[in-house]
Amino acid sequence: MKLSYNTETLFQGMSIYEAMEILAANGLKTIEFWSWEDKDLNRIRQLMTDYDMNVASIVVKLESLVDPARREAIVDAVKRSAEAANQLGCSTMVHTVGFEAEHLSREEMRKSLVEGLYACIPALEEAGVTTAIEPLNTKVDLELSGYYLTTSEEALDIVKEINHPLVKVCYDIYHVQVMEGHVISRMQNNIHHIAHIQAAGHPGRHELYIGELNYDNIFDAIKQMDYNGYVGIEYFPIHDPIDDLKRIHAKHHTG
């Protein structure tokens, strides 16, 4: 099992460049992060070389897949994000699909989402990058209220319908636990449609071992699955995360 570390959540208030230095100094060599537009990609590339690091995932520039009026914009967002991923040697992008459009029915929004992903495939193929649509919870994280895609079940149905190797799901265990539960069996039954996994404790989205999720069991289960992607550690720590990250890495990172 391969682990990556989200510089945005684990090191709030710190630049990605500082976070990379700290992670590398502690033997943690793979990062992931959200927005790429506000970062100096050339500097990140140089630090990757200096520290022998790599990037597991970035996030597609925020645009709506569920509103057909934004079709041209989302295709451009995917194309530009894929180019950024290529610049970093990264082959996976996490893709938030957008918030509900008040003037459209849910059926119309789903149709737009599917058609929009189909429209993005040429850009994904050109770059050789996978986009992974992410379901998010709207029960606990109220700032996400109105987000269209809230269950892994619907995300997986959409990906299976599209049936393309570069369109998959980002399976965030925290969000799935809030909305659906049964986090291990859902992965086991659908692992070939999942391109990226993320992990945080629940409740609170804090350290992995705070709360109701048994991450030793979850990670041991992932190790038994036919999964070659990364598991991103993406929680908001309530204390200095480095010792916890080193323990997680020593226990579960198998490369």
T92 side chain to H196 side chain, donor-acceptor N/O pair below 3.5 angstrom
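No.
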For residues N137 and Q177, is any side-chain donor paired with an opposing acceptor at under 3.5 Å?
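Looking only at side-chain atoms, Q177 and N137 do not form any donor-acceptor pair under 3.5 Å.
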Contact between [X] and [Y] at the side-chain level, heavy atoms closer than 4.5 Å - yes or no?
X	Y	result
V159	L156	no
T150	K139	no
L65	L117	yes
V59	E32	no
R45	L41	no
L136	D141	no
D172	V94	no
C120	L166	no

Atom [atom1] of [X] with >12 non-hydrogen neighbours under 6.0 angstrom:
X	atom1	result
E102	CD	no
E212	CD	yes
N228	CG	no
E126	CD	no
E153	CD	no

Sequence neighbours excluded, every pair satisfying salt bridge (charged side-chain N to carboxylate O under 4.0 Å, His left out) that has a member inside [range]:
range	result
residues 175-191	E180-R186
residues 218-238	R205-E234, D220-K223
residues 13-31	none
residues 48-65	E37-K61, E63-R70

Verdict with reasoning, V167 to H95, per side chain to side chain contact (heavy atoms under 4.5 Å, CB included):
CA-CA 10 Å; V167 180; H95 198 158; over 6 Å; no
If I take atom [atom1] from residue [X] and atom [atom2] from residue [Y], how far apart are they, to the nearest 0.5 angstrom?
X	Y	atom1	atom2	result
N86	S81	CG	OG	11.5 Å
T9	H206	OG1	NE2	11.5 Å
I31	S4	CD1	OG	9.0 Å
T254	L3	OG1	CG	8.0 Å
H103	D67	NE2	CG	4.5 Å
I16	L47	CD1	CG	8.5 Å

In one Ile/Leu/Val/Met/Phe/Trp/Tyr side-chain cluster, 4.5 Å: [X], [Y]:
X	Y	result
M1	V169	yes
I173	V178	no
I238	I22	no
V183	I210	no
Y215	I191	yes

Between [X] and [Y], what is the shortest heavy-atom contact and its length?
X	Y	value
K168	A195	CB-CB, 3.7 Å
L142	T138	CD2-O, 3.9 Å
R110	I158	NH2-CG1, 3.6 Å
E207	D244	CG-OD2, 3.4 Å
A155	I133	O-CD1, 3.8 Å
C90	A56	SG-O, 3.6 Å

Pair listing, ring pair (Phe, Tyr, Trp, His ring centres under 6.0 Å) test, anchored in [range], at least two apart:
range	value
residues 232-255	F219-H252, H249-H253
residues 5-57	none
residues 134-192	F99-Y147, Y174-H202

Going by the rule side-chain hydrogen bond (donor to acceptor under 3.5 Å, both in side chains), which residues pair with [X] if we only count those two or more places apart in sequence or in a different chain?
X	result
E115	K111
T130	none
E100	R106
N163	none

Whichever hydrophobic residues join L62 through chains of side-chain contacts under 4.5 Å:
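Its cluster partners, ordered by chain and number, are none at all.
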Would you mind telling me which of L208, L23, D240, N26 makes a side chain to side chain contact (heavy atoms under 4.5 Å, CB included) with L245?
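The side chain to side chain contact (heavy atoms under 4.5 Å, CB included) with L245 is passed solely by L23 among L208, L23, D240, N26.
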Test side chain to side chain contact (heavy atoms under 4.5 Å, CB included) on R71 and S112 and set out the steps.
CA-CA 8 Å; R71 182 67 43 77; S112 175; 3.2 Å; yes
Could you walk me through whether V66 and L104 satisfy the side chain to side chain contact (heavy atoms under 4.5 Å, CB included) test, starting with their C-alpha distance in whole Å, then the side-chain angles of each, then the deciding distance to 0.1 Å, before giving a yes or no?
CA-CA 9 Å; V66 302; L104 298 174; over 6 Å; no
